[in-house]
Amino acid sequence: MSTVQRFALSLALLALATVPVWVTGAYYVNVTSQILLYAVFALGLNVLVGYAGLVSLGHAGLFGIACYAVAYLLAAGFGHNLSILGALVIGLGGTALFAALSLRAAGIGFIMITLALGEILWGLAYRWISITNGDNGISVATRPAPFGLSLASASGFYYATFIVFLLALAAAAVFARSPLGAALRGTRDQPRRMNALGYHVWMTRFWACMFSGLLTCVAGILFVYYNQFISPQTLALTSSAEVLLMVISGGAGTLLGPIVGAALVVIVKNIVSAYIERWNLMLGAIFVAIVIFMPEGLVPGTARLWRMGWRVLRHRANDVAVADTAGPKS
Amino acid sequence: MTFWLLLTVNSITFGGLLFLLSAGFSLIFGLMRIPNLTHGSLFMLGAYFGATFTTGYAGVALNFWVAAIVSALLVAAFGGLIERLLLRRLPGEQLAQVLVTLGISFMIADLCLMGWGGDPMSVATPSRLEGFARLGQLVFPIYRLAVILLAVVVAIVLWLMLDRTRLGAIIRAGVDDPEMARVVGIRVSGLFTIVFALGAGLAGFAGMIGTPILSVYPGLDQDMLPLALVVVILGGTGSLLGSFVGSMIIGLIYNFGQALLPELAYFVLFLPMLLVLVLRPQGLFGRHIP
């Protein structure tokens, strides 16, 4: 990381840490909280999409399991701490089952199985009325107060979300640099070679799923406390697709990408919803446009265009040579 | 007794609808190696077109079967356009193609909501097929029997087409080994459009045929797509027989589940899928896809 990048990063973190100070109005603080909690979700999905090369279309289901677990346990009379702990255990149990089934395939098969599993979880949330209260959803009356600090206000909740976000980002960074992260990228690019080298490809992918599920469940717990409400809509395919859009638009397989993508999608969604009702139409159109015009995502795409522009400026005198060494099209 | 028998007939009818839906899905998957996530939307689009034509559009109300064929043709043309204009631009990029179909499915769902509103629409059962058939003490709704018959006829026609005609041989070659098919001079990419339009048309037809039973409402696409997915995961991709058997199994499980465990009907679908994934990941009649 260069000095400039390091400086920009610390500036961005400083700006984020002080959002409730310089942003006036609870609405905008809440939007920033949303961005951060979706960033945690997107970082979780990115572990699979970016580093493992496994595209999941069922992650909203896992997210929803954690949400419903919190709401259900709270309604059953457990305290906040026990409910959060219980939600993590239930969520990770669900993830283990999800991973065990969907890892029967890779590539397109993985997409199909995760999609089917996600839809089944959605159907369950919708129709298993004695547990989930069906379409009416479950309300969560209060937010927790860790160490006696109230999270009821917009800024209080924002600080809690920010701390969780930092932890998640650090965990994702450590994961990406760890031997497990390197092995995972290996299984993405050369599964057979990794197998021949003695790596257990399935197990590597399984642990990646579990880590991804952990971040997803953490985001789910933040989400249910943020909205203080959970309904089957949260588990719909559109939610899975929104998070996937965050990962892909920002740039899969980077740390910064999912965060930028989360910010982009949440902001566009809030702006669009304020003016027109047709968010799903926009979501679909953005999907098609990004896939066709900027398939590698906004962050790598912009970086590529930037580098290209820089190179063209530098080599304007001998751009014939540049054209010769441009390399084969990937 | 009557209850169980009627439930079985309903299940097989639903299985027949699922077959019409998933046969195209399975063929598209077999040939292009992508799950076409617009398939539920095409089903819904067929149903909306059909409902509009039968109730009357621009002063012209069509006969039920004419409306079914016209909407199937319209949806087929639409599917062909999607393939030509969008999927064609992303050759060999399966992930991108899947995401494009996902994006289109959201757009179709929202546009249908804009065009037809949020209220469910229904189509009257064609008058000749109203009422019940009696067999001793048992009664069966005629329309549902007709749907079963129709599904069987379509299955036979599809099988004859795939197994006996030149086009069928070409499609099978493309499904089995696209590279070799190209080498021997088959234009596999041109085949994509034909198969995609055929699958879309079947889905649209199924949508219209299903309207007197299911009616059409926003979210129908999201109800049908997972069923098609589960059928294909169960039966195996690219196999007509697999789609047929898978559809019947899912039709039975789904309907019996809804009657016996209404809250968990969606969840019991999961059980055959779980078994197949654990014991035979390529599906009952599928071959392993690399």
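Chain naming here is simple, since letters A, B, ... match the order of the sequence lines and numbering starts at 1 in each.
For a residue to count as touching a neighbouring chain, one of its non-hydrogen atoms must lie under 4.5 Å from one of that chain's; by this rule L281(A) touches chain B with backbone and side chain alike. Using a 4.5 Å cut-off between heavy atoms, I248(A) contacts chain B through its side chain alone, with no backbone atom that close. In this structure, the portion of L244(A) lying under 4.5 Å from any heavy atom of chain B is its side chain and not its backbone. Contact of I108(B) with chain A is not made at all, since no heavy-atom distance falls under 4.5 Å. Interface residue L99(B): backbone and side-chain heavy atoms are both found under 4.5 Å from chain A. Proximity to chain A involves both the backbone and the side chain of V100(B), based on heavy atoms less than 4.5 angstrom apart. If you measure heavy-atom distances from L90(B) to chain A, the contacts under 4.5 Å come from the side chain alone. Neither the backbone nor the side chain of I286(A) comes within less than 4.5 Å of any heavy atom of chain B. Heavy atoms of A105(A) lying under 4.5 Å from chain B are absent altogether. The part of W122(A) that comes within reach of chain B is its side chain, from C-beta onward, which places non-hydrogen atoms under 4.5 angstrom from that chain. Of the two parts of S130(A), the backbone and the side chain both hold a non-hydrogen atom closer than 4.5 Å to a non-hydrogen atom of chain B. For a residue to count as touching a neighbouring chain, one of its non-hydrogen atoms must lie under 4.5 Å from one of that chain's; by this rule L37(B) touches chain A with the side chain only.
For the pair T38(B) and L102(B), the minimum side-chain heavy-atom distance is 4.5 Å or more. Residues I104(B) and S41(B) form no side-chain contact, since every pair of their non-hydrogen atoms from C-beta on lies 4.5 Å or further apart. Inter-residue side-chain proximity for L124(A) and L264(B) is flagged as met; some heavy-atom pair is nearer than 4.5 Å. Residues F19(B) and V231(B) form no side-chain contact, since every pair of their non-hydrogen atoms from C-beta on lies 4.5 Å or further apart. Contact annotation: the side chain of Y68(A) never approaches that of I131(A) to less than 4.5 Å [non-hydrogen atoms, C-beta and beyond].
Here the CD1-CG distance, from I113(A) to L54(A), works out to 11.0 Å after rounding to the nearest 0.5 Å. In this structure, the separation between OH on Y51(A) and CZ on R185(A) is 6.5 Å, given to the nearest 0.5 Å.
Using modelled atom types, one finds no donor on one side chain facing an acceptor on the other under 3.5 Å when comparing D119(B) with Y217(B). For the residue pair R88(B) and T193(B), a side-chain donor N or O sits within less than 3.5 Å of a side-chain acceptor on the partner. Using modelled atom types, one finds a donor on one side chain and an acceptor on the other under 3.5 Å when comparing W116(B) with T52(B).
Options I34(B), V232(B), L227(B), L95(B) differ in how many heavy-atom pairs under 4.5 Å they form with chain A, and the most are formed by L95(B). Interface remark: of the candidates G109(A), G123(A), A100(A), G123(A) forms the most heavy-atom pairs closer than 4.5 Å to chain B. Listed options L283(A), L121(A), L245(A), L115(A) were ranked by heavy-atom pairs under 4.5 angstrom with chain B; first place goes to L115(A).
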